[in-house]
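Below, chain A is the first sequence line, B the second, and so on; all start at residue 1.
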Amino acid sequence: MEKFKTLTTTAVPLPIENIDTDQIIPARFLKATSKLGFGENLFRDWRYNSDSSVNKDFVLNDTTFGGQILVAGDNFGCGSSREHAAWALADYGFKVIVSSYFADIFKGNALNNGLVPIQVSPEVLKNMLTHIQNDPSAELIVNLEEQYIALKDTDIKESFEIDAYKKMCLINGYDDIDFLVSNKDKIEAFEASRTI
Amino acid sequence: MGKTLFDKVWDQHVVHQVDNGPQILYIDKHLIHEVTSPQAFDELEQRNIPLFRKDQIVATADHNVPTKDQHLPIQDLLSKKQVEMLSKNCQKHNVTLYGLGHPYQGIVHVIAPELGITQPGMTMVCGDSHTSTHGAFGTIAFGIGTSQVAQVFASQCLLMSKPKSMRISVNGKLKKGVLPKDVILYIIAQLGTNSGTGYFVEYAGDVFENMSMEGRMTVCNMSIEMGARGGMIAPDETTYAYVKGREFAPKGEEFDKKVAYWKTLPTDPDASFDKEYNFDASEIEPMVTYGTNPGMGMKITDSIPEKNDVSFEKSLDYMGLKKGEKLLGKPINYVFIGSCTNSRIEDFRIAANYIKGKQKAANVNALIVPGSQQVAKQIKDEGIQEAFEAAGFEIRQSGCSACLGMNEDKIPAGEYCVSTSNRNFEGRQGQGARTILASPLVAVATAIAGKIVDVSQEKEELELV
Ligand code: SF4
């Protein structure tokens, strides 16, 4: 996994609530057997009209907006456990997702792929969205070590929570498999000790 | 202080507490399917890590499979490749696979309980969010992502922080025509789709105590639709009787020993929960959803609420519905009875009883899809297939089918489908498809009437179900 410490970039606003993983990557694109290339179909049915023409009204098709941070409405990533959603977002080029709420499974999947979900208060989310929509060149600063997110040249700044272990993994580019496999002796001892 | 059911099962499975971090949680059973496993097998191979406990894994093919002519090669080449990849991976790593054509094949959350793989007090995972279904047995069961599938392959463990606990109690007597599906749709409509995030739910109260195992599975299945990782119901005599005698259930003395242990699992009277909700069973009526998340549900006789909110309006726009509109009487051209929520034998028995002497409406295309080969066999043996066929329905072969637009069974754009599945997301049943979630009884009544009808008014029919 890639290491993550800080990031300063413009952001893409997507102020829709309850964006589920079926929207992030529709089921018909889950037939691949590798992790690559899902970015192409990220938000497929919002990005393209039913006749496959580009939907100009959708923010990813609006060239005024760009950057490696997606700022989305409340309860992002609900629904299916498909990790393909995290792969699609990462493959498209996002490194951070900001929302006022994340679904559990999505959050875990994102973290396992070096994609950082940052939960901010509903007020800060609203302010950020308004700001970015008014000024697409506005930059967000994410500092993982100090656990804050801020909108450059404004007083919008908030600290965020992250599990200490996950933070260590992101900063060092470690993942859970390495850690679990290194604990094999404990796992075997546990198995041997079970009576039920 | 006492412990909850969840605490008891969780604590039994903690291998190690990481300083300042998560716990290493041991997983008893790992279910896999074709969609979320290939990248995990790949990951292991790339890192040169062997499967740690292959005997604790069971595989099946369900999401991508056709529900017609399953003996023929799969037409869609990508689906075919994914299903073949599963067979190849299982063969290579010596994992038990109930693939297409096997008498045990079916939707992963239908086959594990019916084979007795799911048992009280276990921890179970699957790369699928509806793994919550197995919580009906007093099992900690939850969906995981593909990276975690690889972790369980490599170590039979996961790194997890213990979730918070919530208890949802429903007491009283359910009205006639109100099924377990209505109970859970009602709860989600009341609490909202993210009310459960960060929590594990226990369903308690006499409504669940009196419910069959299959009903309990329907309820636990949809826990994820309120954001909860999983839901559980305390094991009791109903549970033991269901598990007993099944293929992989413990036998003889071993079974008695297990039952003695399972009896210790229910929540202690003095245990406390982080959150509690109470509902009155008599308030619940047959439910339908009108929007694009399962929390947008209402009583079948209600009107769509007036709410000024961009996301709400976007959702109604997709559904082609208006604020204040009623769904009762709305003509419907598609009905789907299937999915891991409602594709077990009881669901089809209810539907079959209702259709006796009736005919399917000519405008309705109905997909009736058993959740497993075993359910399909039961349907035949009990004469249910015949009853359906006499009423003009066609019964398909087992799989996820129109629950998700991934295999050949899709609902066309712009069409409404009354569906017994669990998600009404945009495009879930096919691009542009409009899903109305409901119980199998509402679904079958819709297929007969060709429009949405209030089953609770049909007194005579209800005597039969
Ligand atoms: S039936 Fe639907 S919800 Fe259940 S496992 Fe299959 S696709 Fe998922």
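In this structure a side-chain-to-backbone donor-acceptor pair under 3.5 Å is present from Q39(B) to S34(A). Under a 3.5 Å cut-off, the side chain of S81(A) and the backbone N or O of G143(B) do not form any donor-acceptor pair. Side-chain atoms of K31(A) never come within 3.5 Å of backbone atoms of K81(B) as a donor-acceptor pair (strictly under, hydrogens ignored).
The distance from the CG atom of D19(B) to the OH atom of Y165(A) is 13.0 Å, given to the nearest 0.5 Å. To the nearest 0.5 Å, atoms OG (S155(B)) and CD1 (I187(A)) are separated by 4.5 Å. To the nearest 0.5 Å, atoms OG1 (T197(B)) and CG (N75(A)) are separated by 5.5 Å. A distance of 4.0 Å separates CZ in R47(B) from CG in D175(A), rounded to the nearest 0.5 Å.
In terms of heavy atoms, Q151(B) sits closest to L180(A) at CB-CD1, 3.7 Å. Listed here is the closest heavy atom pair of K184(A) and F52(B): CE-CD1, 3.4 Å. Annotation for D104(A) and G227(B): closest pair OD2-O, 4.1 Å, computed over non-hydrogen atoms. Taking each heavy atom of A27(A) and L404(B) in turn, the nearest pair found is CB-CD1, 3.8 Å. When all heavy atoms of L30(A) and Q82(B) are compared, the pair lying nearest together is O-NE2, 2.7 Å.
Ranked by non-hydrogen atom pairs under 4.5 Å with chain B, the options K167(A), K107(A), E188(A) are led by E188(A). With chain A as the partner, the residue from D76(B), L158(B), V310(B) showing the most heavy-atom pairs under 4.5 Å is D76(B). When the candidates D45(A), N112(A), D74(A), I105(A) are compared by the number of heavy-atom contacts under 4.5 Å with chain B, I105(A) comes out ahead.
Remark: the S147(B) side chain and the E83(A) side chain contain an N/O donor-acceptor pair separated by less than 3.5 Å. If you check the side chains of W46(A) and E426(B), you find a donor sitting under 3.5 Å from an acceptor.
Salt-bridge formation is detected for the pair D22(A)/R428(B): a Lys NZ or Arg NE/NH1/NH2 atom is positioned less than 4.0 Å from an Asp or Glu carboxylate oxygen. With respect to the salt-bridge test (charged N to carboxylate O, under 4.0 angstrom), the residues R82(A) and D128(B) do not qualify.
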